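First the structure, in the form of structure tokens, and then the observations on it.
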Amino acid sequence: MAKINFGGVIEDVVTREEFPMEKALDVMKNETIAIIGYGVQGPAQALNLRDNGFNVIVGQRKGSKTWDKAVSHGWVPDQTLFDIEEAAKRGTVIQFLLSDAGQIALWPAIKPHLTTGKTLYFSHGFGITFKEQTGIVPPADIDVILAAPKGSGTSVRRLFLQGKGINASYAVFQNATGKATEKAIALGIGVGAGYLFETDFKKEVYSDLTGERGTLMGAIAGIFEAQYEVLRSKGHTPSEAFNETVEELTQSLMPLVAENGMDWMYANCSTTAQRGALDWKKKFKAATLPVFKELYESVETGAEAKRTIETCSKPDYREKLAEELKEVRESELWQAGAAVRALRPEKQQVEASMIN
């Protein structure tokens, strides 16, 4: 493993150079990988594994939209595409890629097929970490591993098609065969990871839930709305408010941060922007640090898991979710965003590269 210095903390990182695809394929040469779930992560991981030469089958409910989606991606019924229970029976590695609520609902049907020596794979530590609430308790005689790409399924597939790799975490919860670690790494490389960082199931889910509710989605969406509303209330046009709130961040500044770091981005902005950003950064940190501490505590105590399970398990959840997303989509902020994005010349090319 490569030794990387993360701000004074030395970590082990697995790279493709030391664990090449040839090695990953050799580790998994006698395995049949059953992808259970074809919604968010399932398509990207299944297609990347297939394109890399692994033996992959897909399990999905016949007659569902996702079954048809799998067929459209080249999975052949009764050859590489099966009903969920049949795929779980055939697979020696079961990649459990349903939503957290979906995993809870399907666990009783999957567990009987987790026979001695098989491998249960997750891309999220939720089901195992909160087992008291989910009921997901694997048999003791199987390997239980995790490979968690740090991005959506769309990003996992897009970066793969571009010849790039996404960062990912890997972890081992049970090592019944003595080969769990190398299988976790091999599958991480296979699904498209460029770098693999070691973690455990609990840390993965704690950081993931905090990130999703915080900087990655919840916090950034809330900050977008707050700044946009202030600018609009002061007479700025929708396009100006959107450009200064979202467009410049996502299209100009964040790519610079991703490439070279925040200090480099600051150093390559105007002196006016530098001074203001450095001064106001402290105020925003002071304002949000208590919120992040509250958020992490809610994750750590299981309160977030409880709310997620209770809400997402309700029969009308998808209908209510659609209403909430419609409210976001039809807000002036994101209507302005749609209009601005439509002006980008590369929009059609980007959409064409995404998984349908």
Side-chain angles (χ1 to χ4, degrees), residues 21 24-99 102-124 127-128 135-147 153 156-157 170 172-180 182-192 355:
M21 191 61 66
L25 287 166
D26 184 63
V27 169
M28 303 302 295
K29 63 185 177 183
N30 296 320
E31 308 284 355
T32 297
I33 303 166
I35 305 291
I36 306 299
Y38 210 75
V40 179
Q41 282 287 335
Q45 295 197 28
L47 293 170
N48 290 0
L49 285 166
R50 185 178 70 182
D51 290 351
N52 278 329
F54 293 81
N55 181 24
V56 187
I57 62 176
V58 172
Q60 195 51 249
R61 292 293 183 205
K62 291 182 179 179
S64 65
K65 290 181 179 179
T66 44
W67 175 278
D68 295 338
K69 181 179 179 180
V71 171
S72 74
H73 289 166
W75 303 100
V76 181
D78 299 322
Q79 294 183 29
T80 55
L81 176 61
F82 302 91
D83 188 72
I84 289 174
E85 287 83 353
E86 181 63 24
K89 179 181 178 181
R90 290 171 177 258
T92 58
V93 177
I94 297 176
Q95 294 197 191
F96 209 24
L97 299 179
L98 293 159
S99 67
Q103 289 182 11
I104 295 169
L106 200 63
W107 179 246
I110 294 297
K111 188 174 181 179
H113 301 293
L114 294 171
T115 51
T116 301
K118 283 195 176 187
T119 301
L120 178 61
Y121 165 112
F122 295 88
S123 280
H124 189 26
I128 294 292
I136 296 176
V137 180
D141 56 356
I142 68 167
D143 291 340
V144 182
I145 62 175
L146 175 147
V156 172
R157 183 60 174 167
Y170 76 95
V172 173
F173 181 73
Q174 284 185 183
N175 188 8
T177 68
K179 300 178 180 179
E182 63 177 1
K183 283 190 277 189
I185 295 172
L187 287 167
I189 296 293
V191 302
I355 297 171

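This one's a predicted model, so the numbers in the text were calculated from it and none came from an experiment.
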Does the side chain of Thr80 reach to within under 4.5 Å of the side chain of Val56, using non-hydrogen atoms?
-> no
According to the side chain to side chain donor-acceptor pair (under 3.5 Å) rule, which pairs have a member within residues 35-49, sequence neighbours left out?
-> Tyr38-His73, Tyr38-Trp75, Gln41-Gln45, Gln45-Gln95, Gln45-Tyr121, Gln45-Ser123, Asn48-Arg157
Of all heavy-atom pairs linking Gly102 and Leu98, the shortest is O-CD1, 3.8 Å
Could I get the full list of ring pair (Phe, Tyr, Trp, His ring centres under 6.0 Å) partners for Phe54, not counting sequence neighbours?
-> none
Side chain to side chain, Phe122 and Ile136, heavy atoms closer than 4.5 Å | yes
Salt-bridge criterion met for Asp83 and Arg61 (N-O under 4.0 Å) = yes
Within a strict 4.5 Å, meaning less than it, do heavy atoms of the Lys69 and Gln60 side chains meet?
-> no
Does any N or O in the side chain of Thr92 come within less than 3.5 Å of the main-chain N or O of Thr32, such that one atom is a donor and the other an acceptor?
-> yes
Quick one: closest heavy-atom pair of Ile35 and Ala46, and the distance?
-> CG1-CB, 3.7 Å
Distance in Å, Lys183 NZ paired with Ile145 CD1, rounded so as to fall on 0.5 Å steps | 6.5 Å
Give, for atom CD1 of Ile94 and atom CG of Leu114, the distance between the pair rounded to the nearest 0.5 Å.
-> 4.5 Å
Do you know which two heavy atoms are closest between Ala147 and Gly188, and how far apart they sit?
-> CB-CA, 4.0 Å
Side chains of Val144 and Val172: does their closest heavy-atom pair fall under 4.5 Å?
-> no
Answer yes or no: is there a side-chain heavy-atom contact under 4.5 Å between Trp67 and Leu81?
-> yes
Among pairs that include at least one residue of residues 102-115, which meet side chain to side chain donor-acceptor pair (under 3.5 Å), considering only residues two or more places apart or in two chains?
-> none
Could Lys29 and Asp26 be called an ion pair, given the rule that one side-chain N must be under 4.0 Å from one carboxylate O?
-> yes
Please examine the side chains of Leu146 and Phe173, heavy atoms only from C-beta on, and report whether any two atoms are closer than 4.5 Å.
-> no
Residue pair Ile33, Leu187: steps toward the side-chain contact (heavy atoms from CB on, under 4.5 Å) verdict = CA-CA 10 Å; Ile33 303 166; Leu187 287 167; 3.6 Å; yes
Is the shortest heavy-atom distance from the side chain of Ile84 to the side chain of Ile110 under 4.5 Å?
-> yes
Does the side chain of Val71 reach to within under 4.5 Å of the side chain of Pro77, using non-hydrogen atoms?
-> yes
Please report the shortest heavy-atom distance between Ala109 and Glu85, naming the atom on each side.
-> CB-OE2, 3.6 Å
Verify, without hydrogens or angle tests, whether Glu86 (side chain) and Asp78 (backbone) share a donor-acceptor contact under 3.5 angstrom.
-> no
Over all heavy atoms of both residues, which pair between Gly91 and Ile57 is shortest? Give the atoms and the distance, please.
-> N-CD1, 4.4 Å
Using atom types as modelled and distance alone, determine if a side-chain donor or acceptor of Lys118 lies under 3.5 Å from a backbone N or O of Ala88.
-> yes
So which heavy atom on Ala87 is nearest to which on Ala34, and how close?
-> O-CB, 3.4 Å
How many angstroms lie between CD1 in Ile128 and CD in Gln174, if you round to the nearest 0.5 Å?
-> 7.5 Å
Residues Asp143, Asn175; criterion side-chain contact (heavy atoms from CB on, under 4.5 Å); working and verdict | CA-CA 5 Å; Asp143 291 340; Asn175 188 8; 3.9 Å; yes
